[in-house]
Trainee: 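Structure below; questions to follow.
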Amino acid sequence: MFPELFEGVREARPVEERALPPLPNVEKYRVVRTRFAPNPDFYIHLGNARPALLSYEYAREYRGVFILRFEDTDPRIKRPLPEAYEAIKEDLRWLGISWDEEYVQSLRMELYYGVARELIARGGAYVDLCRREEFRKFKLERRECPHRNRSPEESLELFDRMLSGYFEEGEAVVRVKTDLALSDPSLIDWVALRIVDTSKHPHPLTGDRYIVWPTYNFAAGVDDRLTGVTHILRGKEHAVNTLKQLYVYRALGWEYPEVINLGRLKLEGMILSKSKIKEVLGRSRRAEVDDPRFGTLRALRRRGILPEVVREIIMEVGVKGTDATISWENVASLNRRRADPVAPRVMAVFDPVRVSIRDVPKDPSARVLRLDYHPSNASLGSRTIDLGQEDVVEVFISREDFGLLKERGALRLLEFCNISLESEREGYAEARFTGTELEHARRAGLRIVQWVPVRSYVRLEVLKPEGLKLRTLRGIAEDSLARFQPGTLVQLVRVGFVKLEEVLERRRVKAVYAHD
RNA sequence: GCCGCGGUAGUAUAGCCAGGCCAAGUAUGCGGGCCUUUCGAGCCCGUGACCCGGGUUCAAAUCCCGGCCGCGGCACCA
């Protein structure tokens, strides 16, 4: 109809999403079923988002089913965090991921017991009563331990005893029979179920109801089969696990799903690993799980990183086994691209210095400024800065720009006027109005700097991560900043993008630094 | 003890499986230009790289062998 009206929109920036390579052997399956299986012992981070998003995208592309499964079968070492179940779902939703089915492993224990019995009955597993170190010796010498050749019946009986609470932690485990000749000792007769004393380490969901717990490999392997998963996308650190699970599948006559191992995703300068985050959390009173120094999805969200950017990064890195370190500069750049057209622009000054300007004409055109929040996005509206009728107009500029003023003797205050320095002493300057024309400023080569009127401003605190340090920048900003809702991404002119967190009694604003 | 992965511009990466369309793509950085919101933002142009050695081939960043360097994983965590 009016094609020209759509020009701008189309040119806005065609963010093309990279197409996913085809999944292997889809024709073998009626429907593609993928899954994401986090351990709810902590919040998920950018690295977890990779398999999550790719699994989801594949399910969608093939019109299949995407499964969310909580792997919470270690009440002792990786004890689930009660709030993590919900938090993970929230983070996934934020990323635009939805799931068709949801499972919680700690609620499926009887299923694992059943499969374990079947496996033992078929001679594919046995109950081992060796102490850990004892077994290790046998294994390294490629000898079988004394319990290995027990009859299935005997093992089954011992398994029931395990379940009844007869054994203590470490006294009995169920081992999957593999091949003693395996060159990789870590594969040999791996543990499928072990005892965890839940009276001492209660599970947040099931308390002390169960004392025999499946290991990751057993539970994951069984569940992938039981829930009909056809394609597994997971970190390449799981490559060995596939080999382990294969023994269970073979013993039970199951066919193993297709597996794609993904490389790790790191975020430059940010803490991703759970253990490191927990370390910082334990050390610092201030830190929260969404501390902007962390690479958790919550932290990225808090910093104003848009979910589309996280998606874009993951799709860009693609489906492969190579690790990738995402540079923060890149994240910032992608985010800026999307934020710039929609972020209102406001002036703020850090480390402020006061400047008194005389000779500013008293007519309204010079004293009452109407400024748009964005040069090209009119929908963001505008605000008015009223400089009053005093003889001198007082503004704050940053100490850095104050240095420029001293050096060059003149400056242009962004969208206001040109000034020249009359006198200065530490932290204060007197200047003279020399006109409002931008052309003059340009010809004179004046630097154009942001400023805040002394007459009306808000205090601004910006939380800024610098490496592992967290700094709080204190400054002042135009009072109009307080009119935005918390959560708004704002561009502080010549400073960077900031996400508003709190607006306190209209005179104080707290924000988190997103990026330049 | 054992298993696996990677080395592409200053930085981070794509391409490698299916060799030629790669005198190597993207982002950032850097240099220049543009924008009457004036900017450290944005837009445009430019700059710059296939770890080393050998082999296969008409043809190799891509395949094979060796070397050097870096990284990750497993063994009753997930």
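Numbered from 1 within each chain, the chains take letters A, B, ... in sequence-line order.
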Trainee: Identify which nucleotide among B:C76, B:A12, B:A75 has an atom closest to any side-chain atom of A:N330, counting heavy atoms from C-beta outward.
Mentor: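 For the A:N330 side chain, the nearest candidate turns out to be B:A12.
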Trainee: Base, sugar-phosphate, or nothing: which does A:G263 touch, judged by heavy atoms less than 4.0 Å apart?
Mentor: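 Nothing: the residue A:G263, judged by heavy atoms under 4.0 Å, touches no strand.
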Trainee: Would you mind reading off the distance between A:I232 atom CD1 and B:A78 atom C1', rounded to a whole angstrom?
Mentor: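 Computing the A:I232:CD1 to B:A78:C1' distance gives 14 Å.
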Trainee: Give the nucleotide from the list B:A78, B:C39, B:A75 with an atom nearest to the side chain of A:R194.
Mentor: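 In terms of side-chain proximity for A:R194, the closest of B:A78, B:C39, B:A75 is B:A78.
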Trainee: Just to be sure I understand the rule, does A:E71 reach a base, reach only the sugar-phosphate, or reach nothing, if contact means heavy atoms closer than 4.0 Å?
Mentor: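 If one applies the 4.0 Å heavy-atom cut-off, A:E71 turns out to touch the sugar-phosphate alone, with no base involved.
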Trainee: Side chain of A:R132: nearest nucleotide among B:A41, B:G73, B:C76?
Mentor: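 Looking only at heavy atoms from C-beta outward on A:R132, the closest nucleotide is B:C76.
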Trainee: Take A:R336 and A:L413, find for each the nucleotide of RNA chain B with the closest heavy atom, and name the residue whose nucleotide sits nearer the 5' end.
Mentor: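 Result of the comparison: A:L413.
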Trainee: Is the distance between the ring centroids of A:Y373 and A:F484 under 6.0 Å?
Mentor: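 So the answer is yes for these two rings.
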Trainee: Tell me if the aromatic rings of A:F70 and A:Y103 count as close, with their centers under 6.0 Å from one another.
Mentor: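 No; A:Y103 has its ring centre 6.0 Å or more from that of A:F70.
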Trainee: Provide, to the nearest angstrom, the distance between the NZ atom belonging to A:K177 and the P atom belonging to B:C76.
Mentor: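 To the nearest whole Å, that distance equals 18 Å.
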Trainee: Take atom CG of A:N261 and atom C1' of B:C17, then tell me their distance rounded to the nearest Å.
Mentor: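 In whole Å, B:C17 C1' and A:N261 CG are 15 Å from each other.
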Trainee: In terms of side-chain heavy atoms of A:D340, which of B:G42, B:U13, B:C76 is nearest?
Mentor: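 From the listed options, B:G42 comes nearest.
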Trainee: Looking only at atom types and distance, does a side-chain atom of A:R367 sit under 3.5 Å from a main-chain N or O of A:P361, one as donor and one as acceptor?
Mentor: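 Side chain of A:R367 to backbone of A:P361, a donor-acceptor pair under 3.5 Å: yes, one is there.
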Trainee: Show me the protein contacts with nucleotides 1-5 of chain B, counting only N or O atoms at under 3.5 Å.
Mentor:
unit_1, atom_1, unit_2, atom_2, d
B:C2, O2', A:D184, OD1, 3.4
B:C5, O2', A:K236, NZ, 3.2

Trainee: A cation-pi test, strictly: NZ or CZ of A:R143 under 6.0 Å from the centre of the six-membered ring of A:F138 and no more than 45 degrees from its axis. Yes or no?
Mentor: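 No.
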Trainee: How close do A:G124 and A:A251 get, heavy atom to heavy atom, and via which atoms?
Mentor: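 Heavy atoms only, the tightest pair is CA-CB, 4.2 Å.
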Trainee: Given B:U38, B:C76, B:A27, which nucleotide is nearest the side-chain atoms of A:R337?
Mentor: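 Among the listed nucleotides, the one closest to the side chain of A:R337 is B:A27.
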Trainee: Could you tell me how far B:A12 sits from B:G70 if I compare only their C1' atoms? Round to whole Å.
Mentor: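 Rounded to whole Å, the distance is 16 Å.
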Trainee: In whole angstrom, give me the gap between the P atoms of B:C68 and B:A49.
Mentor: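 It comes out at 28 Å once rounded to the nearest Å.
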Trainee: Could you state the CG-P distance from A:L187 to B:C76, rounded to the nearest angstrom?
Mentor: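 Result: 11 Å.
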Trainee: If we take the P atom in both B:G15 and B:C69, what is their distance in whole Å?
Mentor: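 To the nearest whole Å, 27 Å.
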Trainee: Would you say B:U13 has OP1 or OP2 under 4.0 Å from some side-chain N or O of A:T325?
Mentor: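 For B:U13, OP1 or OP2 has a side-chain N or O of A:T325 closer than 4.0 Å.
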Trainee: Is a side-chain donor or acceptor of A:T434 paired with a backbone partner of A:N418 at a separation under 3.5 angstrom?
Mentor: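 Answer holds: yes.
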Trainee: Report the distance from atom NZ of A:K137 to atom C1' of B:A75, rounded to the nearest whole Å.
Mentor: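 It works out to 17 Å between those atoms.
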Trainee: How close do A:D516 and A:V495 get, heavy atom to heavy atom, and via which atoms?
Mentor: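 Heavy-atom minimum between the residues: OD1-O, 4.0 Å.
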Trainee: Check every atom of B:U38, B:G40, B:A78 against the side chain of A:R494 and return the nucleotide holding the closest atom.
Mentor: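 For the A:R494 side chain, the nearest candidate turns out to be B:G40.
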Trainee: Please find out if less than 6.0 Å separates the ring center of A:H147 from that of A:F135.
Mentor: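 Not close enough - the centres of the two rings lie 6.0 Å or further apart.
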Trainee: Indicate, with a heavy-atom threshold strictly under 4.0 Å, whether A:Y373 touches base, sugar-phosphate, or nothing.
Mentor: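 Here A:Y373 touches the bases of the nucleic acid.
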Trainee: Check the distance between B:C17's P and A:L262's CG and give it to me in whole angstrom.
Mentor: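 Going from A:L262 (CG) to B:C17 (P), I get 20 Å.
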Trainee: Given B:A78, B:U38, B:C39, which nucleotide is nearest the side-chain atoms of A:L438?
Mentor: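 Nearest to the side chain of A:L438 among the choices is B:U38.
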Trainee: Could you check whether A:D74 gets within reach of a base, just the sugar-phosphate, or nothing at all, counting any heavy atom under 4.0 Å?
Mentor: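 Sugar-phosphate contact only - A:D74 comes under 4.0 Å of backbone atoms but never of a base.
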Trainee: If you check the A:R442 side chain, which of B:A41, B:A78, B:U38 turns out closest?
Mentor: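 Closest of the options to the side chain of A:R442: B:U38.
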Trainee: On a whole-Å scale, what distance lies between the C1' atoms belonging to B:C16 and B:G7?
Mentor: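 The same atom, C1', in both gives a distance of 13 Å.
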Trainee: Which label fits A:F497 and A:H515: parallel for a plane angle under 30°, tilted from 30 to 60°, or perpendicular past 60°?
Mentor: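 Tilted: the ring planes of A:F497 and A:H515 meet at 30° to 60°.
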Trainee: If a pair satisfies side-chain hydrogen bond (donor to acceptor under 3.5 Å, both in side chains) and one of its residues is in residues 441-453 of chain A, list it, with sequence neighbours excluded.
Mentor: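 Non-adjacent pairs meeting side-chain hydrogen bond (donor to acceptor under 3.5 Å, both in side chains): A:Q450-A:R494.
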Trainee: Work out how far the P atom of B:G25 is from that of B:A9, and round it to whole angstrom.
Mentor: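 To the nearest whole Å, 13 Å.
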Trainee: With nearest nucleotide decided by heavy atoms, which residue, A:E133 or A:D516, maps closer to the 5′ end of RNA chain B?
Mentor: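 The answer here is A:D516.
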Trainee: Measure the distance from CG on A:L68 to P on B:A78 and round it to the nearest whole Å.
Mentor: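 Atom-to-atom, A:L68 to B:A78, this comes out as 17 Å.
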Trainee: Can you tell me how far P of B:C76 sits from OH of A:Y210, to the nearest Å?
Mentor: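 A:Y210 atom OH is separated from B:C76 atom P by 24 Å.
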Trainee: Where do A:C145 and A:D128 come nearest, in terms of heavy atoms and distance?
Mentor: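 The pair with the smallest heavy-atom distance is SG-OD1, 3.3 Å.
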Trainee: Between A:R399 and A:D351, is the closest basic N to carboxylate O distance under 4.0 Å?
Mentor: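 Yes.
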Trainee: What integer number of Å spans the P atoms of B:A14 and B:G6?
Mentor: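 Per the computed distance, 11 Å lies between those P atoms.
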Trainee: Could you give the distance separating B:G73 and B:C30 at their P atoms, to the nearest angstrom?
Mentor: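 Here B:C30 and B:G73 have their P atoms 35 Å from each other.
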Trainee: I'd like to know if A:R264 reaches the base of B:C71 with its side chain, counting only an N/O donor and acceptor under 3.5 Å.
Mentor: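 In this structure, the two groups form no donor-acceptor pair.
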Trainee: What does the 5'-to-3' dot-bracket notation of RNA chain B look like when only Watson-Crick and G-U wobble pairs under 3.5 Å count, and pairs to other strands show as |?
Mentor: (((((((..((((......[....))))((((((.......))))))...(((((..]....))))))))))))....
Trainee: Measure from the side chain of A:E329, starting at C-beta and using heavy atoms only, and say which of B:U38, B:A78, B:U28 lies closest.
Mentor: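 Side chain of A:E329 sits closest to B:U28.
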Trainee: Using a 4.0 Å heavy-atom cut-off across all strands, classify A:L193 as base, sugar-phosphate, or nothing.
Mentor: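 It contacts nothing in the nucleic acid.
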Trainee: Taking all atoms of both residues into account, what is the closest heavy-atom pair of A:L233 and A:P51, and its distance?
Mentor: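 So the two residues come closest at O-CB, 3.7 Å.
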Trainee: Expressed in whole Å, how much space separates the P atoms belonging to B:G31 and B:C22?
Mentor: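 About 30 Å, rounded to a whole number of Å.
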Trainee: How would you label the contact of A:N241 with the nucleic acid (heavy atoms, under 4.0 Å): base, sugar-phosphate, or nothing?
Mentor: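 Answer is base: heavy atoms of A:N241 come under 4.0 Å of a base.
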Trainee: Reckon A:T73 touches a base, only the sugar-phosphate, or nothing at all at heavy-atom distances under 4.0 Å?
Mentor: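 Since only primed, P, OP1 and OP2 atoms lie under 4.0 Å of A:T73, the category is sugar-phosphate.
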